Amino acid sequence: MVKFNRFTLDNGLRAIVHEDDTTPMVVLNILYDVGARDEDPDQTGFAHLFEHLMFGGSVNIPDYDQPLQRVGGENNAFTSNDLTNYYITLPSANIETAFWLESDRMLSLAFSKKSLEVQRNVVIEEFKQRYLNQPYGDVWLKLRPMVYKKHPYQWATIGKEIKHIEDAKIEDVKAFFKKHYNPQNAIMVVGGDVKTADAKLLAEKWFGPIPPGEKYHRNLPQEPDQHEERRATVTAKVPLNDVYIAFLMGDRLDADYYVAELMSDILSRGNSSRLYRNLVKEKQLFSEVHAHMSGSLDKGIFVFEGKPLENVSIETAEAAIWEELERLKTEEIPADELTKVQNKTESTMIFSEMALLDKAMNLAQFELLGDAGLLNHETEKYLAVTPKQVKALANKLFRRDNSSTLIYLAEKS
């Protein structure tokens, strides 16, 4: 059970405080409700470029890292298709430094051509290294547009293409900041050795004077249900053939979300999972095979990925994955097999409540979903899943006409 208090500033900034006096540390986590899905289709990669720009200094603090390092703090950030998250961990005695740094860049990020140039080059380099020059690196650049025809999940967080980042102008960047980086669009979580009354005073002092900005109302085209099988094959410089099969599934608040999460564990969590046991060990068809889901806020994807052994044809490999799916669709999973993954999930949940930073991030993300208190009811939702529900969802999702299959063929030298 994660206890917390909450308050909202007059400018709309939502704040959550988790008091924990067992640690000398404190975390300040700021989640901005903006991700790659909020980008213009002709200007993608902005949310991620922005995460980099936020470390380029603000008007009053030219070097973001230096004052933080002086007081024993660490910081980082990440961007997804749904959100952008920044966090600072530091000794609680120095908590005000974190409020000063974060409020200053929310109020007055320094937009210099130089900073844009530096961060643009960093992102372009990352695009090349991680997505274009790495084996299977471009899989999401190819698979997402196969699955999503309407929704802006069509592109990865890095963006559709390098050109969008190369063409980013300073006025475009400023407009993106003004639209999304304001108190009304942010959720702040303070966790650790701190009292709610003190956190509130600091929030009023440092964030209170920031103008609320205009409220951004998200109105994205939703992805319709899929009713056709989609396939693509690419030949590339990769070490082994690879098969990806993606299925469109419900959103993060869909009741089936918990069933799907457990289903991916049944199939793919650890050496006792079905895919490993049957396809890697017993039948020796794959060197590795996995199932996972995107967990997106809007409609997500449930993905299988497997590298067949060199002597195994793609057709055989693909048929073997479908065979496992058919089994889930026709036979109810034994109760003890389900209980095992439920117990594993429960222990993972308990473990994630131990680390201060994880707690802070979880509270922010559940507040974004509608209520930070949902965090305390997650475990029971997993434990309530029945074998019947697993079978029903397998039949709903794992249909040929809901599948997008991407085959990577290794170039023959």
Side-chain angles (χ1 to χ4, degrees), residues 1-6 14 16 18 29 31 33 35 80-83 85 153 187 189 191 222-223 225 247-270 272-275 290-304 325 328-329 331-398 402:
M1 189 68 175
V2 181
K3 290 196 169 80
F4 62 90
N5 299 307
R6 53 153 72 91
R14 289 176 276 171
I16 289 170
H18 165 66
N29 187 90
L31 181 154
D33 182 7
S80 74
N81 291 73
D82 292 315
L83 57 91
N85 192 79
Y153 285 158
I187 296 165
V189 178
Q222 291 307 304
E223 191 61 30
D225 291 343
F247 298 91
L248 191 63
M249 61 176 279
D251 60 44
R252 179 60 186 81
L253 287 170
D254 191 318
D256 283 338
Y257 175 84
Y258 301 93
V259 187
E261 180 99 75
L262 290 173
M263 199 152 63
S264 78
D265 284 356
I266 288 160
L267 288 162
S268 177
R269 185 171 180 173
S272 61
S273 64
R274 290 187 170 194
L275 296 179
H290 310 281
H292 59 92
M293 45 190 253
S294 60
S296 322
L297 295 186
D298 293 327
K299 275 189 188 169
I301 34 186
F302 196 114
V303 186
F304 292 85
L325 301 188
L328 271 181
K329 287 159 73 169
E331 300 165 26
E332 247 179 49
I333 177 169
D336 59 339
E337 193 179 354
L338 179 58
T339 306
K340 199 168 78 181
V341 296
Q342 284 171 320
N343 292 344
K344 277 186 184 172
T345 300
E346 186 174 19
S347 60
T348 306
M349 297 292 295
I350 292 166
F351 195 71
S352 76
E353 283 177 11
M354 284 157 73
L356 184 59
L357 179 59
D358 287 345
K359 268 192 278 206
M361 286 202 242
N362 282 334
L363 285 167
Q365 290 183 21
F366 279 99
E367 186 66 17
L368 180 66
L369 282 172
D371 174 12
L374 291 167
L375 173 61
N376 292 320
H377 302 285
E378 280 291 271
T379 308
E380 62 212 51
K381 287 176 183 165
Y382 287 109
L383 296 179
V385 171
T386 64
K388 229 183 209 63
Q389 286 174 299
V390 174
K391 185 179 169 187
L393 185 63
N395 278 286
K396 184 172 156 185
L397 292 190
F398 303 142
N402 186 39

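Fair warning: this is a prediction, and the values are worked out from it, not measured in the lab.
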(request) Give the C-alpha distance, both sets of side-chain angles, the deciding distance and a yes or no for salt bridge (Lys or Arg N to Asp or Glu O under 4.0 Å) between E378 and R252. (result) CA-CA 12 Å; E378 280 291 271; R252 179 60 186 81; 3.1 Å; yes
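- Closest approach of Q389 to A384, counting heavy atoms only: OE1-O, 3.6 Å.
- Panel note: side chain N402, backbone L397; a donor-acceptor pair is recorded below 3.5 Å.
- Here the OG atom belonging to S273 is positioned 8.5 Å from the NZ atom belonging to K340, to the nearest 0.5 angstrom.
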(request) Could you give me the CA-CA distance, side-chain angles and deciding distance for L368 and L297, then say whether side-chain contact (heavy atoms from CB on, under 4.5 Å) is met? (result) CA-CA 10 Å; L368 180 66; L297 295 186; 3.8 Å; yes
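- No donor-acceptor pair closer than 3.5 Å links the side chain of E332 to the backbone N or O of K391.
- Residue N5 holds its CG atom at 10.0 Å from CD1 of I16, rounded to the nearest 0.5 Å.
- Not less than 6.0 angstrom separates the ring centroid of F366 from the ring centroid of F4.
- Although no hydrogens or angles enter the test, the distance criterion places no donor-acceptor pair under 3.5 Å between the side chain of D265 and the main chain of V341.
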(request) Verify side-chain contact (heavy atoms from CB on, under 4.5 Å) between L383 and Y258, making sure each step is shown before the conclusion. (result) CA-CA 9 Å; L383 296 179; Y258 301 93; over 6 Å; no
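- When all heavy atoms of A260 and M249 are compared, the pair lying nearest together is CB-CE, 3.7 Å.
- Atom-to-atom distance recorded for D298:CG and N81:CG is 10.0 Å, nearest 0.5 angstrom.
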(request) Go through the steps to decide whether T345 and K381 satisfy the test side-chain contact (heavy atoms from CB on, under 4.5 Å), and finish with yes or no. (result) CA-CA 11 Å; T345 300; K381 287 176 183 165; over 6 Å; no
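- Atom CG of L375 sits about 10.0 Å away from atom NZ of K359, to the nearest 0.5 Å.
- Taking CG of L267 as the start and CZ of F304 as the end, the distance is 5.0 Å to the nearest 0.5 Å.
- Here the shortest heavy-atom pairing between Y257 and G295 reads CE1-CA, 3.8 Å.
- Between H290 and S268 the shortest heavy-atom distance is CA-OG, 3.4 Å.
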(request) Take K396 and D225, measure what salt bridge (Lys or Arg N to Asp or Glu O under 4.0 Å) needs, and give me the verdict at the end. (result) CA-CA 11 Å; K396 184 172 156 185; D225 291 343; over 6 Å; no
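- Counting heavy atoms from C-beta outward, V2 and N362 have side chains that stay 4.5 Å or more apart.
- Between D82 and Q365, every side-chain heavy-atom pair lies at or beyond the 4.5 Å cut-off.
- A distance of 3.0 Å separates CD1 of I333 from CD1 of I266, quoted to the nearest 0.5 Å.
- Between D254 and K299 no salt bridge is recorded (no basic side-chain N to carboxylate O distance below 4.0 Å).
- Using a 4.5 Å cut-off on side-chain heavy atoms (C-beta onward), L262 and V390 make no contact.
- Remark: the backbone N or O of I301 is paired with a side-chain donor or acceptor of S294 at under 3.5 angstrom.
- Shortest non-hydrogen contact noted between L338 and V385 is CD2-O, 3.4 Å.
- Between the side chain of K329 and the main chain of F398, a donor-acceptor pair closer than 3.5 Å is present.
- Heavy atoms only, all atoms of each residue included: A372 and E367 are closest at N-OE1, 2.9 Å.
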